[in-house]
Amino acid sequence: MIVSWNTTNACNMHCAHCYRDAGVKSSEELSTSEAKNLLDQIARAGFKIMIFSGGEPLMRPDILDLVKHASNLKLIPVFGTNGTLIDRKMARDLKIAGARGVGISLDSLDAEKHDRFRDFKDGWKLAVEGMKNCRAEDLPFQIHTTIMDWNQSELESMIDFAVEIGAKAHHFFFLVPTGRAKTIEEESLRAESYEDVLTRIMIKQKSVPIELKPTCAPQFIRIASQLGIQIRFNRGCLAGLSYCIISPTGKVQPCAYLNLPLGDVRETPFDEIWRENPVLKKLRTLNYSGGCGICEFKKKCGGCRARAAFYHDGDFMSEEPWCIYHGRRGE
């Protein structure tokens, strides 16, 4: 079970696709004591992997203290970060505090393209330096790449770069139009390109020693099965099933891109929200409509619930609009 907490809305970047519309710290962000209570509740709910994200989580002054608290609770603390603040000391401090891994964003091998997408001068250079600092301190790291129409041609070469620099994995994020990403929706991939890119990733997996995983593209489970490629994942969309996200101010929703408020941890303990919320209970039925409802891969893929909601007027149980496999009837 995986939970992601946007520790702060503060960020040193202004990325075009940011679902949180991050930049300025919110005045209502959880305090250190509230954050530790939240971590207690997350552990009590049975979660294992604790993702500290943002905004930029390393801009939160108490982040090392919170990582240590999570580690003491036997959670597995990992990070989603732009990597620009990971100097050698920070990499060392994160490891000492108990961090088990860091995901660093890199969207192109062309530094200019990466920096433009993230609106940050020298972002590419600093991200790569952050990776090297993690490697030097023996802190495992992986690369996170948002796939767009303008960088999909770089896919294989970026994977080769990930292997060369020492990444343990390379995860690919497929755009869901939420937050600032609504303004670049036309740059996202559509069904045929989406299928092609996922196929390329799975084929590449056969020739590289690191893990490749698409995110917000649950059809990769089907494609891997069809290609006979062994992967460790057995479910595509995890929203509300074994994953959810918490905002900097303590609001819970099923995933980063499915903007459905489930509760506020300042008012209701997180473990109670996770156990009792009716939206989560509905997601867990897997009673999808349209092509997802009759697909033979319904239980393994599930379609992207956030994308379904965006393109079907909020109906998060409708069919995934970017899938070309609709209409196959399961058992």
Side-chain angles (χ1 to χ4, degrees), residues 1-43 45 47 49-67 69-70 75-86 94 99 101-105 118 120 144 146 171 173 175-182 215-216 238-240 242-271 273-274 277 280 305-306:
M1 301 235 295
I2 306 169
V3 62
S4 180
W5 172 39
N6 298 134
T7 58
T8 180
N9 204 61
C11 191
N12 56 344
M13 290 187 169
H14 193 270
C15 303
H17 61 301
C18 182
Y19 65 84
R20 188 56 70 193
D21 197 14
V24 179
K25 176 183 175 181
S26 169
S27 61
E28 300 178 353
E29 292 179 5
L30 298 181
S31 66
T32 300
S33 61
E34 288 174 324
K36 288 183 176 180
N37 286 335
L38 171 61
L39 292 171
D40 293 342
Q41 294 162 12
I42 286 170
F47 283 81
I49 299 177
M50 178 68 231
I51 304 174
F52 291 91
S53 64
E56 173 47 56
L58 297 182
M59 292 185 71
R60 185 168 170 130
D62 59 357
I63 195 66
L64 294 173
D65 189 24
L66 296 178
V67 170
H69 187 75
L75 294 169
I76 300 173
V78 296
F79 275 76
T81 170
N82 60 45
T84 61
L85 302 178
I86 305 179
L94 283 169
V102 177
I104 297 177
S105 299
R118 294 186 173 268
F120 190 83
H144 292 168
T146 298
H171 288 198
F173 291 74
L175 187 75
V176 180
T178 56
R180 285 200 291 267
K182 289 181 181 178
T215 296
C216 296
L238 305 177
S242 58
Y243 172 83
C244 70
I245 193 166
I246 305 160
S247 79
T249 59
K251 308 298 191 299
V252 182
Q253 59 189 71
C255 83
Y257 312 105
L258 186 52
N259 191 18
L260 292 173
L262 306 176
D264 186 330
V265 299
R266 283 185 167 123
E267 300 171 359
T268 307
F270 170 81
D271 49 320
I273 294 171
W274 178 254
N277 184 267
L280 298 179
R305 297 300 96 214

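These figures come from a predicted structure and were not determined experimentally. Position 1 is the first residue of the sequence, and the numbers go up from there.
The closest side-chain heavy-atom distance from Lys25 to Asn9 is not below 4.5 Å. In this structure the side chain of Thr146 never reaches within 4.5 angstrom of the side chain of Ser105, judged on heavy atoms. Here the side chains of Val102 and Val78 are not in contact, with every heavy-atom distance at 4.5 Å or above. The shortest distance between side-chain heavy atoms of Lys36 and Asp65 falls below 4.5 Å. Between Gln41 and Pro269 there is a side-chain heavy-atom pair separated by less than 4.5 Å. Residues Ile63 and Thr8 form no side-chain contact, since every pair of their non-hydrogen atoms from C-beta on lies 4.5 Å or further apart.
Rounded to the nearest 0.5 angstrom, Arg305 CZ and Cys255 SG are separated by 10.5 Å. Rounded to the nearest 0.5 Å, atoms OG (Ser247) and CG (Leu30) are 7.0 Å apart. One finds the CH2 atom of Trp274 at 10.0 Å from the CD1 atom of Ile246 (value rounded to the nearest 0.5 Å). Distance check, rounded to the nearest 0.5 Å: SG of Cys216 to CG of Leu238 gives 9.5 Å. Between Leu262 atom CG and Leu280 atom CG the span is 4.5 Å, to the nearest 0.5 Å. From Ile42, atom CD1 reaches atom CE of Met50 across 4.5 Å, with rounding to the nearest 0.5 Å.
Smallest separation of non-hydrogen atoms from Tyr243 and Ser4: OH-CB, 3.5 Å. What you find for Ile86 and Ile104 is that their closest heavy atoms are CD1-CD1, 4.0 Å. Nearest heavy-atom pair across Cys244 and Val252 is SG-CG1, 4.2 Å. Residue Trp5 comes nearest to Pro248 through the heavy atom pair NE1-CA, 4.2 Å, listed as atom of the first residue, atom of the second, then distance. Counting all heavy atoms, side chain and backbone alike, Leu258 lies closest to Ala306 at N-CB, 3.7 Å. Counting all heavy atoms, side chain and backbone alike, Met59 lies closest to Leu85 at CG-CD1, 3.7 Å.
Judged by distance alone, the side chain of Asn6 and the main-chain N or O of Gly54 form a donor-acceptor pair under 3.5 Å.
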| Asn37 vs Val265, side chain to side chain contact (heavy atoms under 4.5 Å, CB included): CA-CA, chis, key distance, verdict | CA-CA 9 Å; Asn37 286 335; Val265 299; over 6 Å; no
| task | Under the side chain to side chain contact (heavy atoms under 4.5 Å, CB included) rule, what do Thr215 and His144 come out as? Steps first, then yes or no, please. | result | CA-CA 10 Å; Thr215 296; His144 292 168; over 6 Å; no
| field | Verdict with reasoning, Leu94 to Leu64, per side chain to side chain contact (heavy atoms under 4.5 Å, CB included) | value | CA-CA 7 Å; Leu94 283 169; Leu64 294 173; 3.8 Å; yes
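Residues forming a salt bridge (Lys or Arg N to Asp or Glu O under 4.0 Å) with Asp40 (at least two apart in sequence, or on another chain): none.
A donor atom on one side chain and an acceptor atom on the other are not found under 3.5 Å apart for Glu56 and Asn12.
Checked against the 6.0 Å centroid criterion, the rings of Phe270 and Phe47 qualify as a close aromatic pair.
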